[in-house]
Amino acid sequence: MKTSLVWFRNDLRLHDNEVLVSAINNSDQVLPVFIFDDKYWDQSKFGHVRTGSFRTRFIIESVENLRQNLRSKGGELMVRSGNPIDIIKNLIHEFEVSAIYTSAEVAQEEKTLQNQLSDLDIETHFYHQASLFHPHDLPFNSNEMPDVFTPFRKKVDKKIEVREPHQAPSEIKTPLFTNPGNVPQFEELGLEEPKTDDRTALAFNGGENAALERLHHYFWETRELLHYKQKRNGLIGADYSSKFSPYLAAGCISPRKIYHEVKKFEQEVKSNSSTYWLIFELMWRDFFRFLMVKHKTSIFKITGLWNVRKEWEKPNELFEKWKLGQTGIPFIDANMRELLYTGFMSNRGRQNVASFLTKDLKIDWRYGADWFESQLIDYDVYSNWGNWNYVSGVGSDPRKERRFNIALQAQKYDKNADYIKLWVPEISHLDAENILTWHNYSGSDQKEMAPDYPKMIYQSEYWR
Ligand SMILES: Cc1cc2nc3c(=O)[nH]c(=O)nc-3n(C[C@H](O)[C@H](O)[C@H](O)COP(=O)(O)OP(=O)(O)OC[C@H]3O[C@@H](n4cnc5c(N)ncnc54)[C@H](O)[C@@H]3O)c2cc1C
(Lines give C-alpha, C1' and ligand atoms only; values in the text may rest on other atoms or scores of the structure.)
Protein backbone atom coordinates (compact mmCIF):
# COMPACT_ATOMS: atom_id res chain seq x y z
CA MET A 1 0.00 0.00 0.00
CA LYS A 2 1.50 3.33 -1.05
CA THR A 3 1.16 6.15 1.48
CA SER A 4 2.10 9.69 0.46
CA LEU A 5 2.54 12.59 2.82
CA VAL A 6 0.93 15.85 1.69
CA TRP A 7 2.61 18.76 3.41
CA PHE A 8 0.30 21.80 3.35
CA ARG A 9 2.12 25.12 3.54
CA ASN A 10 0.80 28.26 1.83
CA ASP A 11 -1.92 26.29 0.05
CA LEU A 12 -4.61 25.81 2.69
CA ARG A 13 -7.39 24.72 0.35
CA LEU A 14 -8.92 21.74 -1.41
CA HIS A 15 -9.78 23.52 -4.68
CA ASP A 16 -7.05 24.02 -7.28
CA ASN A 17 -4.58 22.06 -5.23
CA GLU A 18 -2.39 20.09 -7.60
CA VAL A 19 -0.27 18.83 -4.72
CA LEU A 20 -3.24 17.12 -3.12
CA VAL A 21 -4.79 15.89 -6.36
CA SER A 22 -1.51 14.39 -7.62
CA ALA A 23 -0.81 12.71 -4.30
CA ILE A 24 -4.29 11.16 -4.29
CA ASN A 25 -4.01 10.00 -7.91
CA ASN A 26 -0.65 8.35 -7.33
CA SER A 27 -1.16 6.73 -3.93
CA ASP A 28 -3.46 4.38 -2.08
CA GLN A 29 -3.78 6.79 0.80
CA VAL A 30 -2.49 10.23 1.74
CA LEU A 31 -1.37 11.69 5.03
CA PRO A 32 -2.24 15.42 5.04
CA VAL A 33 -0.06 17.38 7.47
CA PHE A 34 0.22 21.00 8.56
CA ILE A 35 3.16 22.04 10.72
CA PHE A 36 3.33 25.19 12.84
CA ASP A 37 7.01 25.82 12.16
CA ASP A 38 8.57 27.37 15.31
CA LYS A 39 10.81 29.70 13.40
CA TYR A 40 7.88 31.70 12.05
CA TRP A 41 7.05 32.73 15.62
CA ASP A 42 10.64 33.71 16.53
CA GLN A 43 11.94 37.25 16.61
CA SER A 44 13.36 38.53 13.35
CA LYS A 45 16.85 39.96 13.21
CA PHE A 46 15.22 43.41 13.18
CA GLY A 47 13.55 42.73 16.51
CA HIS A 48 9.89 41.99 15.71
CA VAL A 49 8.01 38.74 16.16
CA ARG A 50 7.86 37.30 12.66
CA THR A 51 4.18 36.38 12.73
CA GLY A 52 2.07 38.76 14.79
CA SER A 53 -1.26 37.98 16.38
CA PHE A 54 -3.61 38.98 13.54
CA ARG A 55 -1.94 36.72 10.99
CA THR A 56 -1.61 33.99 13.60
CA ARG A 57 -5.35 34.08 14.15
CA PHE A 58 -5.93 33.93 10.42
CA ILE A 59 -3.64 30.91 10.06
CA ILE A 60 -5.23 29.11 13.02
CA GLU A 61 -8.68 29.61 11.49
CA SER A 62 -7.48 28.56 8.05
CA VAL A 63 -5.95 25.34 9.37
CA GLU A 64 -9.10 24.55 11.34
CA ASN A 65 -11.17 25.07 8.21
CA LEU A 66 -8.82 22.91 6.15
CA ARG A 67 -9.23 20.13 8.70
CA GLN A 68 -13.01 20.46 8.58
CA ASN A 69 -12.99 20.32 4.76
CA LEU A 70 -10.69 17.29 4.69
CA ARG A 71 -12.96 15.55 7.18
CA SER A 72 -15.99 16.26 5.02
CA LYS A 73 -14.28 14.19 2.28
CA GLY A 74 -13.50 11.32 4.62
CA GLY A 75 -9.97 12.47 5.43
CA GLU A 76 -8.17 14.05 8.36
CA LEU A 77 -5.48 16.66 8.90
CA MET A 78 -2.56 15.94 11.16
CA VAL A 79 -1.37 19.07 12.95
CA ARG A 80 2.05 19.31 14.55
CA SER A 81 4.31 22.07 15.90
CA GLY A 82 8.09 22.24 15.77
CA ASN A 83 10.82 21.72 13.21
CA PRO A 84 9.17 20.51 9.98
CA ILE A 85 12.01 18.31 8.78
CA ASP A 86 12.29 16.46 12.11
CA ILE A 87 8.53 15.99 12.22
CA ILE A 88 8.37 14.74 8.64
CA LYS A 89 11.23 12.30 9.25
CA ASN A 90 9.30 10.79 12.16
CA LEU A 91 6.09 10.57 10.16
CA ILE A 92 7.87 8.84 7.27
CA HIS A 93 9.01 6.20 9.71
CA GLU A 94 5.74 5.88 11.63
CA PHE A 95 3.45 5.65 8.57
CA GLU A 96 5.84 3.99 6.13
CA VAL A 97 5.47 6.96 3.82
CA SER A 98 6.94 6.42 0.37
CA ALA A 99 6.54 9.89 -1.19
CA ILE A 100 6.18 13.52 -0.14
CA TYR A 101 4.07 16.04 -2.01
CA THR A 102 4.23 19.76 -1.32
CA SER A 103 4.09 23.10 -3.11
CA ALA A 104 7.16 24.68 -4.64
CA GLU A 105 8.07 27.99 -3.10
CA VAL A 106 10.78 30.22 -4.48
CA ALA A 107 11.95 32.28 -1.48
CA GLN A 108 15.22 31.23 0.09
CA GLU A 109 13.97 29.97 3.43
CA GLU A 110 11.22 27.86 1.88
CA LYS A 111 13.60 26.55 -0.78
CA THR A 112 16.04 25.47 1.92
CA LEU A 113 13.30 23.34 3.44
CA GLN A 114 12.56 21.86 0.03
CA ASN A 115 16.26 21.00 -0.39
CA GLN A 116 16.29 19.35 3.02
CA LEU A 117 13.29 17.27 1.98
CA SER A 118 15.03 16.26 -1.22
CA ASP A 119 18.00 15.12 0.85
CA LEU A 120 15.82 12.63 2.71
CA ASP A 121 15.99 9.28 1.04
CA ILE A 122 12.45 9.45 -0.34
CA GLU A 123 10.51 10.38 -3.49
CA THR A 124 9.59 14.11 -3.47
CA HIS A 125 7.17 16.06 -5.66
CA PHE A 126 6.96 19.86 -5.76
CA TYR A 127 4.24 21.80 -7.58
CA HIS A 128 4.05 25.51 -8.37
CA GLN A 129 0.54 26.50 -7.44
CA ALA A 130 0.62 29.97 -5.91
CA SER A 131 0.92 32.15 -9.01
CA LEU A 132 -1.49 33.19 -11.73
CA PHE A 133 0.87 32.11 -14.50
CA HIS A 134 2.61 28.80 -14.13
CA PRO A 135 6.37 29.51 -14.13
CA HIS A 136 6.88 26.82 -16.79
CA ASP A 137 4.56 28.74 -19.13
CA LEU A 138 6.54 31.98 -18.98
CA PRO A 139 7.98 32.97 -22.36
CA PHE A 140 11.44 33.69 -20.89
CA ASN A 141 14.02 32.12 -18.58
CA SER A 142 14.19 33.34 -15.02
CA ASN A 143 17.38 35.31 -15.72
CA GLU A 144 15.55 37.20 -18.50
CA MET A 145 12.74 38.25 -16.16
CA PRO A 146 12.19 42.02 -16.67
CA ASP A 147 13.07 44.10 -13.60
CA VAL A 148 10.21 46.53 -14.23
CA PHE A 149 6.51 45.64 -14.17
CA THR A 150 5.31 47.00 -17.53
CA PRO A 151 7.74 45.03 -19.73
CA PHE A 152 6.89 41.94 -17.66
CA ARG A 153 3.17 42.49 -18.13
CA LYS A 154 3.56 43.01 -21.86
CA LYS A 155 5.25 39.65 -22.19
CA VAL A 156 2.53 37.74 -20.33
CA ASP A 157 -0.76 39.63 -20.46
CA LYS A 158 -3.08 37.88 -22.95
CA LYS A 159 0.00 36.16 -24.38
CA ILE A 160 -0.01 33.10 -22.19
CA GLU A 161 -2.89 31.06 -20.87
CA VAL A 162 -3.83 30.89 -17.23
CA ARG A 163 -4.20 27.20 -16.51
CA GLU A 164 -7.58 25.83 -15.46
CA PRO A 165 -7.92 25.28 -11.71
CA HIS A 166 -7.96 21.68 -10.46
CA GLN A 167 -11.21 20.34 -9.07
CA ALA A 168 -11.31 19.62 -5.35
CA PRO A 169 -11.00 15.87 -4.73
CA SER A 170 -14.28 14.07 -4.06
CA GLU A 171 -12.83 11.61 -1.58
CA ILE A 172 -9.71 11.48 0.57
CA LYS A 173 -8.37 8.31 2.15
CA THR A 174 -6.03 8.84 5.06
CA PRO A 175 -4.37 6.19 7.24
CA LEU A 176 -5.87 5.64 10.67
CA PHE A 177 -4.23 7.70 13.36
CA THR A 178 -5.26 8.30 16.92
CA ASN A 179 -3.55 11.61 17.53
CA PRO A 180 -4.40 14.15 14.82
CA GLY A 181 -3.07 16.93 17.09
CA ASN A 182 -4.66 20.14 18.27
CA VAL A 183 -4.30 23.41 16.43
CA PRO A 184 -2.08 25.44 18.81
CA GLN A 185 -3.58 28.43 20.54
CA PHE A 186 -2.03 31.86 21.02
CA GLU A 187 -0.22 31.21 24.32
CA GLU A 188 1.55 28.18 22.85
CA LEU A 189 2.85 30.44 20.10
CA GLY A 190 3.95 33.07 22.62
CA LEU A 191 1.25 35.61 21.69
CA GLU A 192 -1.89 37.14 23.08
CA GLU A 193 -5.14 36.76 21.20
CA PRO A 194 -5.78 40.05 19.37
CA LYS A 195 -8.85 42.13 20.13
CA THR A 196 -11.17 42.78 17.23
CA ASP A 197 -11.48 46.49 16.49
CA ASP A 198 -14.92 47.55 15.24
CA ARG A 199 -13.26 49.86 12.75
CA THR A 200 -11.61 46.98 10.87
CA ALA A 201 -12.08 47.13 7.10
CA LEU A 202 -13.33 43.54 7.12
CA ALA A 203 -13.62 40.84 9.77
CA PHE A 204 -11.02 38.67 8.08
CA ASN A 205 -12.06 35.13 8.98
CA GLY A 206 -9.47 32.64 7.82
CA GLY A 207 -10.07 29.59 5.66
CA GLU A 208 -11.06 28.36 2.24
CA ASN A 209 -14.79 28.64 2.96
CA ALA A 210 -14.45 32.29 3.98
CA ALA A 211 -12.30 32.95 0.89
CA LEU A 212 -14.91 31.51 -1.47
CA GLU A 213 -17.66 33.42 0.34
CA ARG A 214 -15.68 36.64 -0.07
CA LEU A 215 -15.27 35.92 -3.79
CA HIS A 216 -18.99 35.28 -4.11
CA HIS A 217 -19.81 38.47 -2.19
CA TYR A 218 -17.46 40.70 -4.16
CA PHE A 219 -18.33 39.32 -7.60
CA TRP A 220 -21.86 37.97 -7.62
CA GLU A 221 -23.74 39.25 -4.60
CA THR A 222 -22.73 42.92 -4.74
CA ARG A 223 -21.10 43.08 -8.19
CA GLU A 224 -18.50 45.38 -6.64
CA LEU A 225 -16.04 43.94 -9.13
CA LEU A 226 -17.60 46.23 -11.74
CA HIS A 227 -16.36 49.28 -9.80
CA TYR A 228 -12.99 48.01 -8.67
CA LYS A 229 -10.86 50.34 -10.77
CA GLN A 230 -12.65 53.47 -9.55
CA LYS A 231 -12.79 52.44 -5.91
CA ARG A 232 -9.50 50.66 -5.36
CA ASN A 233 -7.80 53.69 -3.82
CA GLY A 234 -10.38 53.85 -1.06
CA LEU A 235 -9.51 53.76 2.61
CA ILE A 236 -12.62 52.82 4.56
CA GLY A 237 -14.79 49.71 4.52
CA ALA A 238 -14.95 46.21 3.15
CA ASP A 239 -15.70 46.72 -0.52
CA TYR A 240 -13.43 49.44 -1.89
CA SER A 241 -11.11 46.60 -2.92
CA SER A 242 -11.34 42.83 -3.10
CA LYS A 243 -9.64 42.02 0.26
CA PHE A 244 -8.45 38.78 -1.32
CA SER A 245 -4.86 39.34 -0.16
CA PRO A 246 -4.88 37.37 3.15
CA TYR A 247 -6.64 34.49 1.40
CA LEU A 248 -4.11 34.50 -1.42
CA ALA A 249 -1.19 34.73 1.00
CA ALA A 250 -2.29 31.67 2.99
CA GLY A 251 -3.43 29.92 -0.17
CA CYS A 252 -7.08 29.70 0.94
CA ILE A 253 -7.89 30.69 -2.63
CA SER A 254 -5.83 30.33 -5.77
CA PRO A 255 -5.21 33.22 -8.20
CA ARG A 256 -6.26 30.89 -11.04
CA LYS A 257 -9.61 30.36 -9.37
CA ILE A 258 -10.07 34.14 -9.14
CA TYR A 259 -8.99 34.62 -12.75
CA HIS A 260 -11.41 32.05 -14.16
CA GLU A 261 -14.21 33.43 -11.99
CA VAL A 262 -13.51 36.89 -13.48
CA LYS A 263 -13.76 35.36 -16.96
CA LYS A 264 -17.08 33.74 -16.06
CA PHE A 265 -18.32 37.04 -14.64
CA GLU A 266 -17.25 38.85 -17.81
CA GLN A 267 -19.24 36.40 -19.90
CA GLU A 268 -22.33 36.29 -17.74
CA VAL A 269 -22.50 39.87 -16.46
CA LYS A 270 -20.14 42.36 -18.04
CA SER A 271 -16.55 42.94 -18.97
CA ASN A 272 -15.10 46.39 -18.24
CA SER A 273 -11.87 48.09 -17.20
CA SER A 274 -12.49 47.07 -13.58
CA THR A 275 -12.81 43.36 -14.31
CA TYR A 276 -9.54 43.61 -16.23
CA TRP A 277 -7.89 45.63 -13.47
CA LEU A 278 -8.28 42.93 -10.87
CA ILE A 279 -6.33 40.60 -13.14
CA PHE A 280 -3.82 43.38 -13.72
CA GLU A 281 -3.20 43.52 -9.95
CA LEU A 282 -2.78 39.76 -9.80
CA MET A 283 -0.04 40.21 -12.39
CA TRP A 284 1.72 42.57 -9.97
CA ARG A 285 1.60 39.78 -7.45
CA ASP A 286 3.21 37.38 -9.92
CA PHE A 287 5.76 40.02 -10.88
CA PHE A 288 7.21 40.19 -7.36
CA ARG A 289 7.26 36.40 -7.04
CA PHE A 290 9.13 35.88 -10.30
CA LEU A 291 11.52 38.73 -9.47
CA MET A 292 12.64 36.77 -6.44
CA VAL A 293 13.38 33.74 -8.60
CA LYS A 294 15.79 35.92 -10.55
CA HIS A 295 17.29 38.06 -7.79
CA LYS A 296 17.14 35.59 -4.91
CA THR A 297 18.23 37.04 -1.57
CA SER A 298 19.25 40.48 -2.86
CA ILE A 299 15.65 41.56 -2.31
CA PHE A 300 16.32 41.39 1.46
CA LYS A 301 19.60 43.30 1.35
CA ILE A 302 19.84 46.98 2.24
CA THR A 303 20.94 47.75 -1.35
CA GLY A 304 17.90 45.89 -2.70
CA LEU A 305 17.34 44.36 -6.10
CA TRP A 306 19.20 47.11 -7.91
CA ASN A 307 22.21 47.34 -5.61
CA VAL A 308 21.45 50.97 -4.74
CA ARG A 309 23.83 52.51 -2.21
CA LYS A 310 22.22 55.13 0.01
CA GLU A 311 22.85 56.55 3.46
CA TRP A 312 20.13 55.16 5.72
CA GLU A 313 19.30 56.24 9.26
CA LYS A 314 19.30 53.53 11.89
CA PRO A 315 15.88 52.91 13.44
CA ASN A 316 15.42 55.43 16.23
CA GLU A 317 12.71 56.99 18.35
CA LEU A 318 11.01 58.26 15.20
CA PHE A 319 10.74 54.71 13.93
CA GLU A 320 8.97 53.67 17.15
CA LYS A 321 6.52 56.56 16.74
CA TRP A 322 5.91 55.57 13.12
CA LYS A 323 5.13 51.99 14.17
CA LEU A 324 2.65 53.09 16.81
CA GLY A 325 0.95 55.80 14.77
CA GLN A 326 2.21 58.58 17.07
CA THR A 327 4.02 60.81 14.57
CA GLY A 328 1.65 63.76 14.88
CA ILE A 329 1.08 63.55 11.10
CA PRO A 330 -2.59 62.65 10.77
CA PHE A 331 -2.57 60.62 7.53
CA ILE A 332 0.46 58.58 8.61
CA ASP A 333 -0.94 57.95 12.08
CA ALA A 334 -4.34 56.90 10.75
CA ASN A 335 -2.77 54.27 8.49
CA MET A 336 -0.25 53.00 11.01
CA ARG A 337 -2.93 52.69 13.68
CA GLU A 338 -5.17 50.75 11.32
CA LEU A 339 -2.30 48.31 10.78
CA LEU A 340 -1.56 48.09 14.50
CA TYR A 341 -5.17 47.50 15.55
CA THR A 342 -6.40 45.32 12.66
CA GLY A 343 -3.44 43.85 10.74
CA PHE A 344 -4.63 45.48 7.50
CA MET A 345 -3.92 48.69 5.59
CA SER A 346 -5.03 49.78 2.12
CA ASN A 347 -2.60 49.81 -0.77
CA ARG A 348 -2.77 53.62 -0.84
CA GLY A 349 -1.88 53.73 2.84
CA ARG A 350 1.00 51.28 2.46
CA GLN A 351 2.59 53.34 -0.28
CA ASN A 352 2.35 56.52 1.77
CA VAL A 353 3.68 55.20 5.06
CA ALA A 354 6.51 53.34 3.32
CA SER A 355 7.47 56.42 1.31
CA PHE A 356 7.33 58.57 4.45
CA LEU A 357 9.58 56.21 6.42
CA THR A 358 12.16 55.80 3.68
CA LYS A 359 12.07 59.04 1.69
CA ASP A 360 11.23 61.56 4.43
CA LEU A 361 12.65 60.01 7.60
CA LYS A 362 15.25 58.11 5.52
CA ILE A 363 15.14 55.18 7.93
CA ASP A 364 16.56 51.84 6.75
CA TRP A 365 13.68 50.45 4.69
CA ARG A 366 14.24 46.87 5.89
CA TYR A 367 12.97 47.80 9.36
CA GLY A 368 9.71 49.01 7.86
CA ALA A 369 9.39 45.85 5.75
CA ASP A 370 10.05 43.78 8.84
CA TRP A 371 7.38 45.62 10.84
CA PHE A 372 4.92 44.95 8.01
CA GLU A 373 5.96 41.30 7.97
CA SER A 374 5.14 41.07 11.65
CA GLN A 375 1.85 42.96 11.54
CA LEU A 376 0.19 42.25 8.20
CA ILE A 377 -2.59 39.71 8.06
CA ASP A 378 -1.82 39.29 4.34
CA TYR A 379 1.98 39.16 4.61
CA ASP A 380 3.48 37.53 1.57
CA VAL A 381 7.26 37.40 1.33
CA TYR A 382 7.34 38.36 -2.37
CA SER A 383 4.74 41.13 -2.34
CA ASN A 384 5.96 42.66 0.89
CA TRP A 385 9.70 42.77 0.33
CA GLY A 386 9.19 43.49 -3.38
CA ASN A 387 6.91 46.47 -2.72
CA TRP A 388 9.28 47.82 -0.07
CA ASN A 389 12.13 47.61 -2.58
CA TYR A 390 9.93 49.48 -5.02
CA VAL A 391 8.76 52.28 -2.72
CA SER A 392 12.12 52.85 -1.03
CA GLY A 393 13.88 53.23 -4.39
CA VAL A 394 16.16 50.18 -4.25
CA GLY A 395 14.36 48.06 -6.82
CA SER A 396 11.88 47.87 -9.69
CA ASP A 397 10.63 51.49 -9.71
CA PRO A 398 12.53 53.34 -12.44
CA ARG A 399 11.56 56.62 -10.69
CA LYS A 400 13.80 55.77 -7.75
CA GLU A 401 13.58 59.18 -6.08
CA ARG A 402 9.79 59.40 -6.28
CA ARG A 403 8.45 60.61 -2.95
CA PHE A 404 4.81 60.77 -1.93
CA ASN A 405 3.59 64.17 -0.84
CA ILE A 406 1.76 62.99 2.26
CA ALA A 407 -0.27 66.19 2.63
CA LEU A 408 -1.49 66.13 -0.98
CA GLN A 409 -2.21 62.42 -0.80
CA ALA A 410 -4.44 62.94 2.24
CA GLN A 411 -6.23 65.82 0.52
CA LYS A 412 -6.82 63.72 -2.58
CA TYR A 413 -7.75 60.36 -1.10
CA ASP A 414 -9.32 61.40 2.20
CA LYS A 415 -11.11 64.55 1.00
CA ASN A 416 -13.40 64.89 4.02
CA ALA A 417 -10.81 63.52 6.46
CA ASP A 418 -13.24 60.73 7.35
CA TYR A 419 -10.49 58.15 7.43
CA ILE A 420 -8.26 60.30 9.64
CA LYS A 421 -11.17 61.02 11.96
CA LEU A 422 -11.87 57.30 12.24
CA TRP A 423 -8.37 56.46 13.44
CA VAL A 424 -7.19 59.67 15.08
CA PRO A 425 -9.91 60.60 17.58
CA GLU A 426 -7.65 63.26 19.17
CA ILE A 427 -8.40 65.53 16.19
CA SER A 428 -11.79 64.19 15.09
CA HIS A 429 -13.60 67.25 16.51
CA LEU A 430 -11.84 69.52 14.00
CA ASP A 431 -13.02 70.47 10.52
CA ALA A 432 -11.66 68.51 7.58
CA GLU A 433 -9.91 71.63 6.36
CA ASN A 434 -7.97 72.04 9.62
CA ILE A 435 -7.03 68.38 9.63
CA LEU A 436 -5.89 68.33 6.03
CA THR A 437 -3.72 71.41 6.52
CA TRP A 438 -2.45 70.37 9.95
CA HIS A 439 1.17 70.73 8.86
CA ASN A 440 0.62 74.47 8.29
CA TYR A 441 -0.19 75.22 11.93
CA SER A 442 2.45 76.14 14.47
CA GLY A 443 3.21 73.73 17.30
CA SER A 444 1.43 75.98 19.81
CA ASP A 445 -1.68 76.27 17.62
CA GLN A 446 -1.75 72.50 17.21
CA LYS A 447 -1.46 72.06 20.97
CA GLU A 448 -4.35 74.42 21.55
CA MET A 449 -6.55 72.78 18.91
CA ALA A 450 -5.83 69.19 19.96
CA PRO A 451 -4.09 68.99 23.34
CA ASP A 452 -3.96 65.18 23.36
CA TYR A 453 -2.51 64.68 19.91
CA PRO A 454 1.28 64.04 19.68
CA LYS A 455 3.62 66.74 18.46
CA MET A 456 4.64 66.44 14.80
CA ILE A 457 7.94 64.59 14.53
CA TYR A 458 8.73 65.90 11.06
CA GLN A 459 7.85 68.82 8.85
CA SER A 460 8.47 69.12 5.12
CA GLU A 461 8.56 72.22 2.94
CA TYR A 462 7.36 69.89 0.22
CA TRP A 463 3.92 69.65 1.88
CA ARG A 464 3.18 73.38 1.95
C1 LIG B 1 4.94 48.65 1.16
C2 LIG B 1 3.93 47.64 0.68
C3 LIG B 1 3.88 46.37 1.25
C4 LIG B 1 2.96 45.42 0.78
N5 LIG B 1 2.92 44.17 1.37
C6 LIG B 1 2.06 43.23 0.89
C7 LIG B 1 2.02 41.92 1.44
O8 LIG B 1 2.79 41.56 2.33
N9 LIG B 1 1.10 41.04 0.95
C10 LIG B 1 0.26 41.38 -0.07
O11 LIG B 1 -0.56 40.55 -0.49
N12 LIG B 1 0.30 42.60 -0.63
C13 LIG B 1 1.16 43.53 -0.19
N14 LIG B 1 1.17 44.79 -0.75
C15 LIG B 1 0.35 45.04 -1.95
C16 LIG B 1 -1.06 45.61 -1.72
O17 LIG B 1 -0.99 46.72 -0.87
C18 LIG B 1 -2.03 44.58 -1.15
O19 LIG B 1 -1.98 43.39 -1.91
C20 LIG B 1 -3.47 45.10 -1.19
O21 LIG B 1 -3.56 46.31 -0.49
C22 LIG B 1 -4.38 44.06 -0.56
O23 LIG B 1 -5.71 44.47 -0.56
P24 LIG B 1 -6.76 43.81 -1.56
O25 LIG B 1 -6.66 42.33 -1.53
O26 LIG B 1 -8.08 44.40 -1.26
O27 LIG B 1 -6.18 44.32 -2.94
P28 LIG B 1 -6.89 44.55 -4.36
O29 LIG B 1 -6.66 45.96 -4.72
O30 LIG B 1 -8.27 44.05 -4.36
O31 LIG B 1 -5.99 43.69 -5.35
C32 LIG B 1 -6.29 42.33 -5.68
C33 LIG B 1 -5.06 41.49 -5.42
O34 LIG B 1 -4.00 41.89 -6.27
C35 LIG B 1 -2.75 41.76 -5.60
N36 LIG B 1 -2.11 43.07 -5.50
C37 LIG B 1 -2.68 44.28 -5.51
N38 LIG B 1 -1.75 45.26 -5.44
C39 LIG B 1 -0.56 44.63 -5.38
C40 LIG B 1 0.79 45.07 -5.29
N41 LIG B 1 1.13 46.37 -5.24
N42 LIG B 1 1.76 44.14 -5.21
C43 LIG B 1 1.48 42.82 -5.24
N44 LIG B 1 0.22 42.35 -5.34
C45 LIG B 1 -0.77 43.24 -5.40
C46 LIG B 1 -3.07 41.24 -4.21
O47 LIG B 1 -2.92 39.84 -4.22
C48 LIG B 1 -4.52 41.63 -4.02
O49 LIG B 1 -5.21 40.79 -3.12
C50 LIG B 1 2.08 45.76 -0.28
C51 LIG B 1 2.14 47.04 -0.84
C52 LIG B 1 3.04 47.98 -0.36
C53 LIG B 1 3.07 49.34 -0.99
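Start at 1 and go down the list; that is how both ligands and their atoms are numbered.
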Between Ile253, Asn347, Leu248, Asn233, which one has a non-hydrogen atom sitting closest to atom 21 (O) of ligand 1? Asn347

Hey, which atoms in ligand 1 end up nearer than 4.0 Å to a heavy atom of Gln351? 53 (C)

Test item: Pro330 and Leu436 side chains (from C-beta on) under 4.5 Å apart, heavy atoms: no

Leu189 side, atom CG; Arg57 side, atom CZ - distance, nearest 0.5 Å: 14.0 Å

Got the closest protein heavy atom to atom 3 (C) of ligand 1, with its distance? Asn384 OD1, 3.5 Å

Asp380 heavy atoms within 4.0 Å reach ligand 1 at atoms 7 (C), 8 (O), 9 (N)

Which residue and heavy atom of the protein sit nearest atom 15 (C) of ligand 1, plus the separation: Asn387 ND2, 3.6 Å

Starting from atom 53 (C) of ligand 1, which protein heavy atom do you reach first, and at what distance in Å? Arg350 CB, 3.6 Å

Minimum distance, heavy atoms only, to atom 9 (N) of ligand 1: which one of Val391, Asp378, Ile377 is it? Asp378

The closest protein heavy-atom partner of atom 22 (C) of ligand 1 is Ser245 OG, 3.2 Å

Atoms of ligand 1, numbered as shown, that sit under 4.0 Å from any heavy atom of Leu278: 32 (C)

Any nitrogen or oxygen of Ser242, main chain or side chain, under 3.5 Å from a nitrogen or oxygen of ligand 1? yes

Could you identify the single nearest non-hydrogen protein atom to atom 43 (C) of ligand 1 and state the distance to 0.1 Å? Ser383 OG, 3.5 Å

Got the closest protein heavy atom to atom 24 (P) of ligand 1, with its distance? Lys243 N, 3.5 Å

With sequence neighbours excluded, give me every salt bridge (charged side-chain N to carboxylate O under 4.0 Å, His left out) pair touching residues 270-281. Arg232-Glu281

Can you find an N/O atom of Trp388 closer than 3.5 Å to an N/O atom of ligand 1? no

Given the ring of Phe300, does Lys296 sit roughly above its face, with NZ or CZ under 6.0 Å from the centre of the six-membered ring and within 45° of the axis? no

Please examine the side chains of Asp157 and Phe280, heavy atoms only from C-beta on, and report whether any two atoms are closer than 4.5 Å. no

Asp418 side chain near Ile236 side chain, heavy-atom distance below 4.5 Å: yes

When you measure from atom 34 (O) of ligand 1 to every protein heavy atom, which one gives the shortest distance, and what is it? Glu281 CB, 3.3 Å

Asn17 vs Tyr127, test: side chain to side chain donor-acceptor pair (under 3.5 Å). Steps then yes/no. CA-CA 9 Å; Asn17 194 327; Tyr127 296 87; over 6 Å; no

One residue to check: Leu376. Relative to ligand 1, which of side chain, backbone, both or neither has a non-hydrogen atom less than 4.0 Å away? side chain

For ligand 1, which is the ligand I care about here, please tell me if Ser241 has any N or O atom under 3.5 Å from one of the ligand's N or O atoms. yes

Starting from atom 33 (C) of ligand 1, what is the nearest protein heavy atom, named by residue and atom, and what distance separates them? Leu282 CD2, 4.0 Å

For atom 29 (O) of ligand 1, tell me which residue out of Tyr228, Phe244, Tyr390, Phe280 has the closest non-hydrogen atom. Tyr228

Do the rings of His48 and Phe319 sit parallel, tilted or perpendicular, given the 30° and 60° boundaries? tilted

Between Ser245 and Lys243, do the side chains contain a donor N or O and an acceptor N or O under 3.5 Å apart? no

Compute the minimum heavy-atom distance from Phe344 to ligand 1 and say whether it is under 4.0 Å. yes

Under the salt bridge (charged side-chain N to carboxylate O under 4.0 Å, His left out) rule, what pairs show up with a residue in residues 372-398, not counting sequence neighbours? Arg50-Glu373, Arg350-Asp378, Asp397-Arg399, Asp397-Arg402

Quick one: which ligand 1 atoms are inside 4.0 Å of a heavy atom on Phe372? 1 (C), 3 (C)

Parallel, tilted or perpendicular: which describes the rings of Phe204 and Phe344, with under 30° parallel and over 60° perpendicular? tilted

Report yes if some heavy atom in the side chain of Met345 is under 4.5 Å from a heavy atom in the side chain of Met336; otherwise report no. yes

Would you say Arg232 and ligand 1 have an N/O pair spaced under 3.5 Å apart? no

What are the atoms of ligand 1, with element, lying closer than 4.0 Å to any heavy atom of Phe288? 42 (N), 43 (C)

Looking only at the aromatic ring of each residue, does the gap between the centers of Phe8 and Phe34 stay below 6.0 angstrom? no

